[in-house]
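What follows is a set of notes on a single structure, which appears directly below.
The chain is numbered in sequence order, starting from 1. Everything numeric in this text was worked out from a predicted model, so none of it was measured.
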Amino acid sequence: MRNLSLLQRFKCVDLSFPGSPQCFTIRSETGTVLVASELAITEFDPRTKEVHKEVSLTAEDYLPEDGSGVVVAIQDLPDQESVCVATGSGDVILYNLSTSQLECVGSVESGLTGMTWSPDQELVTLTTGQETIIMMTKDFEPITEVAINQDDFGEDKFITVGWGKKETQFHGSEGKQAAQRKAAVMQPALPWDDRKPRITWRGDGQFFAVSAVCPQTGARKVRIWNRECVLQATSEVVNGLEQPLCWKPSGSLIASTQRHPNKHSVVFMEKNGLLHGDFTLPFGKEQVKVKELLWNSDSTVLAVWMEDLKDGSSNDQCFQLWTVGNYHWYLKQSVHFGSEPLRAPACVCWDPEKPLRLHLLTRGWASYTYNWGWSTERSHGTDCHDNANVAVIDGDKILVTTFRQCVIPPPMCAFELQLPVPVNLVTFRSQAQRTNELAALTADGHIYVYGQGESRNLKRDSNIMLFRISHLHFLYSGGGVENGGVPGVSGFKQRQTDLTSVDVSSGAGNYKNFRIFKTLLHFMQCLFFLNSWCWSFLRSDVPVDGFVISLCHSLRNGTVALQLDDGQIRKIHMELSLTEWKDSTGNTINLPRPCVQAALCTLSGEEHLIGLTERSHLYIGDSLVASNISSFVVYDDFLLLTTHSHMCHCLNLSTLSIKGLQSALSSDANQNDETVRKVERGSRIVSVVPQDTRLILQMPRGNLETIHHQALVLAQLRKWLDSLRFKDAFECMRKLRINLNLVYDHNPTVFLANIEMFLKQIDSINYINLFLTELKEEDTTTTMYPCPSRSASSSASGKGGKKVDIICDALRSTMEILDPQKYCLCILTSHVRKTTPELEIALQKVHELRGESRSVSAEEALKYLLFLVNVNELYEHSLGTYDFDLVLMVAEKSQKDPKEYLPFLNMLKTLEPSYQRYTIDKHLKRYRKALHHLSKCGEEHFTELLNLVKDQRLYSDALELCSSNSEQYKTLSVAYAEHLVEQQQAEQAGLLLWRCGENARALQAFVSCTSWRNALAVATHIPLPPEQLTLLARDLAEKLLEARRHTQAALCLEQYAKDCEEAISALIQGAAWEEALRLVSLFFHLFPPLPASFLESQKALFIRHKNRLTVVRELKAKARLELFDEDGPDCADAELYSEASSVMTGSHLGSKYSRSNSGVSSRSSKNRRKAEGKKHSLKEGSPFEDIALLNALTQIIIIVDKMREEVHSLLKALVLFQFDGAASSLQRDYGELLQLMETALPEIWTDNLQQGQTPLTGPNSTSNSIMASFQQQRPAVPQHDTEALTAPKMRIAVKWKLCILK
């Protein structure tokens, strides 16, 4: 649903070049035009009128000087820096643009009628006067020459399999008469046909087609040839086929024209020569003749060059631009040139690089360059009065679709606006509540304005707004249509009551070889008289330096901005003055590149111009935001974009900055990101329905798709919820499957304060029940639908407690006040949907409905309740109410067999009430309730109660129900204690037994768990004899010593066993030196032996392992050098053998060390541990001996280092008892051992050993050293081996020495 809008038009008139133009070509590198006349070749710039080169074709007798020569074709050859010219006399001339030399590279005696180069410019085809085709290379070496007219069909001739005759075939709706129908007689070519052959190449250069007149029949035929100039196919008989021929660059169709008895059509052929589709030109019979058809470079626009067939020497000429969408051809632009001979086009061509640029040269040496751009004309309203109109130009019709009422796929529409002449431009009004009005500019320079109104003569749907029409003849400052001028309006916008138009047909003079172009802005005011329109002509003119390519207007701020062809931005003020666009800091802002689509937007409170270039670059001011945008639209505070990666973004401009937009469009979307969604490949934005959630997209083929972008949906929902429009929000959420929890989560306080309004607006029992059933504890505003601008106060819960319970209680209380009968089912739902379902209350309310005449009967309520809850679950809850009438009512609605539940109910009725309820609760597995009811049944049921307590472990509940002085309480306590002993909680069991008087069993429980204090207290309470108490104390001390609780064991031995010597021994074992000294001072015991022998043994072992490690490393280094010498310096694995880890070398040193571990099985963990033990063996010669030595040294260092505190305490004790010599010797020996270990750490754990685990990188590293460090890491190293490669850390900060010792 896009239109072609004129962005620029360059015009150069009164060019004084020799001769008259016959053909031209475009130099894509410089943008200049090479034009050939019957006298010379001229190169000039169409923007500045500057002549770059000019060479005569008559000086060297290539063409006659009398001007009778003909140039049939000209082609620019960028690779050869030349231009190739073919003359009618048969010469092929090459003009070198660098040396300005002419060279005749070939000549044909019969003359030339055409020349066409292949798209890759590797081949050239020439048509001669003898009706032949000559194919040559780019170096003009002949390849072949064949006749154009051949009797053979070609290599792709259709094959007939011989299934019956034509007379016996089925002919469908044509009937049997089709079998006897004679073949159509071929009609000769039309009289005005120039009878010259036409050649056109396919875009990939593999095929070319030739249209020529057959000498035998006089009719035109199209033949398709391959790249080797071999005939492939011949077209079918097409009467009235005309001379134009152009192959679509995409390669699918060949375009030509055909004149029918009643219409004039553009027809399309396939590669096999068969017709495939057509469209009708909007002209009568024999009204025009088509001179040429031209496809643009991307195959999106077909240009049709036509001339009137009126009697006279001068006929009106025009060209039209056609596009296709959804298999319908639209006439988008129509340009007329009048009837003056000098204004008639001499040659027309598309630009080879820019698809929507057209070059035209008239017979009077006037050059025109047109730049078009794609645009979607949509209404820009943001309120509900805007119908989301989109206008599509289709010749003399404007197809308007109102997307608010309906989504109609093109080419259909809501209604059509018929105009007398073709339309070139259309726009909508930018005024609040009047955005449905539009204005159209026609090809003859008239403006038609359509406003909302009514018409009794038009039969349309009453929901569609109709239009009334008024028109204005548009004036031009540079020559209007009346006097033969070419319209030059590039755009216009309707702002409130003003219509702003742009005229780009005038220019100023030269200034130092720089041409200053000016544009006139025409401001016209619209006046209203009763029900008709009236215009005041040309309110004012404002000149602009440069070409204006687009206008845009902001409905919110009233700003009007225009864009020049070089990207400059100008702002139009109310006093009709122009200023530069500046930002908030006063800096001038311009677009880096001209944009084909522009719009105004407000970003973080500042107004910006956003533009999209033809290269898909999106700019905001002078900042590049993204480079893969296919379309965009600004709606309210949102910027909606589609990308070439098939994503649709919806960004909130009020919360983002330019950098935020750049990051949002460059980063990947999160799972719950509401701003991004996937769309179909090639989708483009058509329109957004204001105050709605619909976004209209158009697919590449032309069909439409309506999506509801989540960002738009959530933004609209938030607006509705803020304005308390609960019904609109609810219906939208239900339709689009948005979680209904958002109604509450958006603002809990507001919702709870307006529950009555919510119920009245919804006014539907089903909707309220749906809302209740979807409730969950999750806050959807933080998980599913996070809002970037959400405040903390609005996200807080309305009240304390669970969300579902709060909503259910609030709704139920309000519904019970409003109308409890109407909301009966909703009230039941509110009970069922609570976090702990209140099914008993719901069943009771259903039971209360029996026998009452209400809007909802008990049966209906129960049936609805069964829909919410499983029938078996509901039956059990009804049974839990102990109401047998209610149980029967539920059972009747279920699928249960009466033989199943009636005997059970009858049995229950015979029981005593408390035991009856106990039986029901036990059946429902509600054991706590069952225990409560059973406790009321008397002592005769205590055994049953005890079994229930043991089975269900309800000991605490049972103890609460019994008196602490009763025998039942003691029995339950003993049972509970036995259970605790089984659960390895003997101490708690002992407390229960002690409390209930079972002292012997309590003592046994305390002893089993080594609770010595409680055990001794119970033993004293029994009381035990002194001998047994002493024995008990010794047993407890042994258990405490086993548990390494030395201090507590010493206390038992000292106070209860009266054995101070054993107590002191226990304290010494536990290194409790101070407490041991206290007892020693009381009983004068000797001090224990000193640990000097242990230190000496550790020192000797450390020195032996250290020396052995040095020897092992020397042996491995020697073996590594020997292996390197054997493999040579280029060995790929040589760098792997480092001293970082023997794991890296062990597998390569099998010839030197034993590899007995290679056959160890790892089928079980036991075998793996055994293998690891052998692997780290200290046996001399083992392959991993160095790792084992490192582990052993690490353990020695850790053990010795941990003795710092113990040695410190021992030194203090020795000094106290005047063992100064022994203390000095111990301090000296321990210090020397620590010093030895600290000194040996750098020798054992070298720097190379630790660097082997990390890549060597840094400024001093080379590529070889980095690669070597990475290769050294390649073998996997086990975790404990890696730990062995790291030096242990000694606690140097711990102070253990005594200063009083030497």
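Every residue meeting the salt bridge (Lys or Arg N to Asp or Glu O under 4.0 Å) condition with K776, not counting sequence neighbours, appears here in chain and number order: E778. Every residue was checked against the salt bridge (Lys or Arg N to Asp or Glu O under 4.0 Å) condition with R953, not counting sequence neighbours, and none meets it.
Between I1292 and E1238, the closest side-chain pair of non-hydrogen atoms falls below 4.5 Å. Side-chain contact between S645 and N628 is present, with heavy atoms from C-beta onward closer than 4.5 Å. Contact check for R1228 versus S1225: side-chain heavy atoms found under the 4.5 Å cut-off. No side-chain heavy atom of P786 sits under 4.5 Å from any side-chain heavy atom of T781. Looking at heavy atoms from C-beta onward, V1207 lies in side-chain contact with L1211 at the 4.5 angstrom threshold. The side-chain heavy atoms of K1099 and L1095, taken from C-beta on, include no pair separated by under 4.5 Å. Put simply, the side chain of D1035 does not reach to within 4.5 Å of the side chain of V1007, judged on heavy atoms.
Remark: the backbone N or O of G1221 is not paired with any side-chain donor or acceptor of S1224 at under 3.5 angstrom. Judged by distance alone, the side chain of Q662 and the main-chain N or O of A626 form no donor-acceptor pair under 3.5 Å. A distance-only check finds no donor-acceptor pair linking the side chain of Q1098 to the backbone of V1200 [under 3.5 Å]. Between the T1246 side chain and the E1243 main chain, no donor and acceptor come within less than 3.5 Å of each other. No donor-acceptor pair under 3.5 Å is formed between the side chain of S1011 and the backbone N or O of E987. Of the possible polar contacts, none joining the T1020 side chain to the P1023 backbone as a donor-acceptor pair under 3.5 Å is found. N999 places no side-chain N or O within donor-acceptor distance of the main-chain N or O of I1022, the cut-off being under 3.5 Å. Remark: the backbone N or O of M784 is not paired with any side-chain donor or acceptor of T780 at under 3.5 angstrom. Remark: the backbone N or O of D1201 is paired with a side-chain donor or acceptor of R1291 at under 3.5 angstrom. Checking side-chain atoms of T1110 against main-chain N and O of K1106 turns up a donor-acceptor pair under 3.5 Å.
The nearest pair of heavy atoms linking A986 to C1009 is CB-CB, 3.9 Å. Closest of all the heavy-atom pairs between A1002 and G990 is CB-O, 3.5 Å. Residues L1109 and I1244 come closest through the heavy atom pair CD2-CG2, 3.6 Å. Here the closest non-hydrogen pair linking S623 and I658 is CB-CG2, 3.8 Å. Heavy atoms only, all atoms of each residue included: A1015 and L1032 are closest at O-CD2, 4.4 Å. The two residues A1066 and H1046 have their closest heavy-atom pair at O-CB, 3.3 Å.
Using a cutoff of 4.0 Å between basic side-chain nitrogens and carboxylate oxygens, E1185 and R1113 are not scored as salt-bridged. A salt bridge is absent between K803 and D779; no separation between the charged side-chain nitrogens and carboxylate oxygens falls under 4.0 Å. Looking at K1116 and D1186, a side-chain N of the basic residue comes within less than 4.0 Å of a carboxylate O on the acidic one, giving a salt bridge. Salt bridge R1034/E1062: absent, no basic N to carboxylate O contact under 4.0 Å.
Between W1296 and Y1230, the ring planes lie perpendicular to each other; the angle is over 60°, past the 30° to 60° tilted range.
Note that CD of Q1235 is 9.5 Å distant from CD of E1232, once rounded to the nearest 0.5 Å. Atom-to-atom distance recorded for L991:CG and F1006:CZ is 4.5 Å, nearest 0.5 angstrom. Note that the CD atom of E1096 and the CG atom of L1101 stand 13.5 Å from one another [nearest 0.5 Å]. The CG atom of L1041 lies 10.5 Å from the CD atom of Q1048; values are rounded to the nearest 0.5 Å.
Atom CD of Q985 is surrounded by more than 12 heavy atoms from other residues, nucleotides or ligands within 6.0 Å.
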